[in-house]
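Note that the structure is predicted; figures quoted are calculated from it, not measured.
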Amino acid sequence: MKQEKVDSDKHYDPDFYKFASFEIIEDYYPLIGQLATEFNSIDDALSESLSELINYNENEIGWLLISSMGFVQKVDCWEKILYWYIHDSYLTNEKKEQEKDKVKKLAEKLKDVGAKRNKLVHADWDGMNDKLLVKNKTTTSNKGVEHHYLSIDKVEFEKIIEDFYSVYNEFHIHDGEIVKLVVSIRYKKV
């Protein structure tokens with residue numbers, strides 16, 4: 001996915017803003033839907049995991065606490081809670097560091113998924129130009145207004161969806177492992 005910044009003069013230049021045909025744009029709609037669906041599965045799995053980490057016996061309490069959190073805030077909270085459980089575990093120091101490293105890497109992947117989802121889902125797909133550039137953000141500074149465009153072909157889009165699916169699977173595998181660790185820690189404290 002390539003990013004390009006364009007100033008307002010170029011943005012409104014008729015040579016720059018020749019629209020892509022509707023047939024080309026229409027090919028992206030199923031991909032946008034598939035990406036959004038895959039992301040929502042990841043978000044829901046993260047929410048389930050987090051609510052159970054907060055209160056395993058009554059995860060409604062967890063849901064109440066996370067209901068107004070955005071995706072990145074949930075990832076940060078999940079990561080901190082897991083660090084706490086890992087730190088408080090019976091694992092050796094070396095194993096604790098390995099587990100923390102796994103959590104950190106997975107949290108980074110989750111945040112990357114969220115960032116890509118935002119760039120792609122919030123882009124102005126109907127405004128795609130004939131060079132397949134899609135505006136996904138507008139910013140202002142002392143230099144004036146800048147429009148941010150991304151360029152992505154369907155093959156790359158499909159690869160991102162596959163990556164989302166891989167992160168979803170990795171999250172489920174890791175979550176199953178961490179639940180065993182958390183349960184063992186909770187029962188040792190009783």
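Atoms CD and CD, from Glu162 and Gln34 in turn, are 9.0 Å apart once rounded to the nearest 0.5 Å. Here the CG-CD1 distance, from Leu31 to Ile152, works out to 8.5 Å after rounding to the nearest 0.5 Å. The line from CD1 of Ile66 to CG of Leu46 is 7.0 Å long, rounded to the nearest 0.5 Å. Distance check: Leu91 CG to Glu97 CD gives 11.0 Å after rounding to the nearest 0.5 Å. Taking CG of Leu110 as the reference point, atom CG of Asp112 lies at 9.5 Å (rounded to 0.5 Å). Here the NZ-CG distance, from Lys119 to Leu35, works out to 13.0 Å after rounding to the nearest 0.5 Å.
For the ring pair (Phe, Tyr, Trp, His ring centres under 6.0 Å) condition, the pairs that include at least one residue of residues 95-129, sequence neighbours left out, are Tyr28-Trp125, Trp125-Phe157.
Closest approach of Ala45 and Tyr168 over heavy atoms only: CB-CE1, 4.2 Å.
A donor-acceptor pair shorter than 3.5 Å can be found between the side chains of His148 and Thr139. Side-chain contact, Lys74 with Ser47: a donor N or O sits under 3.5 Å from an acceptor N or O.
Qualifying side-chain hydrogen bond (donor to acceptor under 3.5 Å, both in side chains) partners for Tyr165, counting only residues two or more places apart in sequence or in other chains: none. Qualifying salt bridge (Lys or Arg N to Asp or Glu O under 4.0 Å) partners for Lys102, counting only residues two or more places apart in sequence or in other chains: Glu99, Glu177.
Contact check for Leu150 versus Leu133: no side-chain heavy atoms found under the 4.5 Å cut-off.
A continuous path of Ile, Leu, Val, Met, Phe, Trp and Tyr side chains, each step under 4.5 Å between heavy atoms, connects Ile81 with Tyr90, placing both in one hydrophobic cluster.
For an aromatic pair to be called close, the ring centres must be under 6.0 Å apart, and His87 with Tyr83 fails this.
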